[in-house]
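What follows is a short report on a single structure.
What you see is a predicted model; the values in this text were computed from it and never measured. Side-chain atoms are counted along with the backbone in the values below, which use heavy atoms only and exclude waters and symmetry mates.
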Amino acid sequence: MSNSAPPPLHELESEVMDEVWARGEATVRDVQEALNRRSEKSRAYTTLLTVMTRLDGKGMLVRRRAGRLDVYAPALSREDYLERRAEAEVSAVVEDFGDLALAHFARHVGRLDPERRARLRRLAEGD
């Protein structure tokens, strides 16, 4: 995946990605069994196959053939995904609302306890 912002994920895509991130790599059947074990709502194999194929097409998963199975792995780590999505969302808000958005961010940061502000400062300087 390039350095462009990854797409936002809808609920089922997020569940699938969480499972693949946790495992490192997984087949559709692996994801189906895991999601169905912890949910009252049963997910069909074909539904998850479609979702995982689309995530591959969106650049979120990488598919490789292992014998007769397709094995999927994350194209980027959860941390990289969150970092890039946060950057895209904040950039969009600032582009849409300009200084007004920045003033609101500054106001919220100003209300934080000093320890959290220090952590945020370190995060910001890590750019």
Side-chain angles (χ1 to χ4, degrees):
M1 171 170 267
S2 71
N3 273 343
S4 64
L9 301 174
H10 64 68
E11 185 178 351
L12 184 53
E13 287 176 328
S14 291
E15 290 178 43
V16 168
M17 286 305 301
D18 285 342
E19 188 61 33
V20 178
W21 277 320
R23 291 173 174 265
E25 65 177 23
T27 64
V28 175
R29 184 74 62 207
D30 293 335
V31 171
Q32 180 193 27
E33 290 172 358
L35 294 185
N36 286 344
R37 248 192 325 270
R38 64 177 175 258
S39 175
E40 292 178 21
K41 185 174 183 178
S42 183
R43 305 292 188 175
Y45 180 90
T46 53
T47 299
L48 293 170
L49 174 61
T50 299
V51 169
M52 292 174 78
T53 299
R54 287 182 180 160
L55 286 168
D56 176 49
K58 291 178 178 183
M60 291 296 300
L61 291 175
V62 177
R63 178 176 42 198
R64 71 174 170 81
R65 201 77 173 149
R68 294 177 42 211
L69 296 174
D70 284 331
V71 179
Y72 295 83
L76 66 165
S77 71
R78 181 190 320 254
E79 294 76 20
D80 286 343
Y81 174 78
L82 294 174
E83 171 75 25
R84 292 182 192 179
R85 281 303 317 146
E87 173 66 26
E89 294 293 333
V90 169
S91 293
V93 168
V94 171
E95 186 174 317
D96 289 346
F97 298 98
D99 286 348
L100 187 58
L102 294 173
H104 281 283
F105 282 126
R107 195 172 308 124
H108 284 278
V109 168
R111 293 180 194 141
L112 299 175
D113 67 82
E115 185 178 309
R116 187 160 186 205
R117 279 199 309 268
R119 282 196 315 267
L120 289 173
R121 193 170 294 113
R122 286 191 298 273
L123 270 175
E125 291 169 355
D127 279 342

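One side chain, D30 or T27, offers a donor N or O that lies under 3.5 Å from an acceptor on the other.
Note: the hydrophobic cluster containing L69 does not contain L49 (ILVMFWY, side chain heavy atoms under 4.5 Å, direct or indirect links). L55 and V62 sit in two unconnected hydrophobic clusters of ILVMFWY residues. Membership requires side-chain heavy atoms under 4.5 Å apart, directly or through other members. Hydrophobic clustering of Ile, Leu, Val, Met, Phe, Trp and Tyr side chains at less than 4.5 Å, counting indirect connections, keeps L82 apart from V90.
No more than 12 heavy atoms of other residues, nucleotides or ligands lie within 6.0 Å of CZ in R116, so this atom counts as exposed by the packing criterion. Environment of CZ in R78: crowded, with over 12 heavy atoms of neighbouring residues, nucleotides or ligands closer than 6.0 Å.
Nearest approach of Y72 to V28, heavy atoms of both residues: CE1-CG2, 3.9 Å. Considering every non-hydrogen atom in both S14 and L9, the closest pair reads OG-CB, 3.5 Å. Shortest non-hydrogen contact noted between Y81 and P7 is OH-O, 2.9 Å. When all heavy atoms are compared, the tightest approach of Q32 to A44 is NE2-C, 3.9 Å. Contact record, A5 with A88: CB-CB, 3.5 Å, taken as the closest heavy-atom pair. Counting all heavy atoms, side chain and backbone alike, G59 lies closest to A75 at O-CB, 3.0 Å.
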Side chains of residues 92-108: which donor-acceptor pairs under 3.5 Å do they make with residues two or more places apart or in other chains?
{"residue": "H104", "atom": "ND1", "partner": "R107", "partner atom": "NH1", "Å": "3.1"}

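Taking CD of E125 as the reference point, atom CZ of R121 lies at 7.5 Å (rounded to 0.5 Å). With rounding to the nearest 0.5 Å, the separation of CG in L61 from CE in M52 is 5.5 Å. How far CG of N36 is from CZ of R38: 10.0 Å, rounded to the nearest 0.5 Å.
Side-chain contact between M60 and L76 is present, with at least one heavy-atom pair separated by less than 4.5 Å. With contacts defined as side-chain heavy-atom distances shorter than 4.5 Å, the pair L35/L12 qualifies. Using a 4.5 Å heavy-atom cutoff, the side chains of E15 and E19 are not in contact.
With respect to R64 and D70, no salt bridge is recorded, no charged nitrogen being found less than 4.0 Å from a carboxylate O.
For the pair R117 (side chain) and L112 (backbone), a donor-acceptor distance under 3.5 Å is present. Side-chain N or O atoms of R63 include none that pairs as donor or acceptor with a backbone N or O of T53 at under 3.5 Å.
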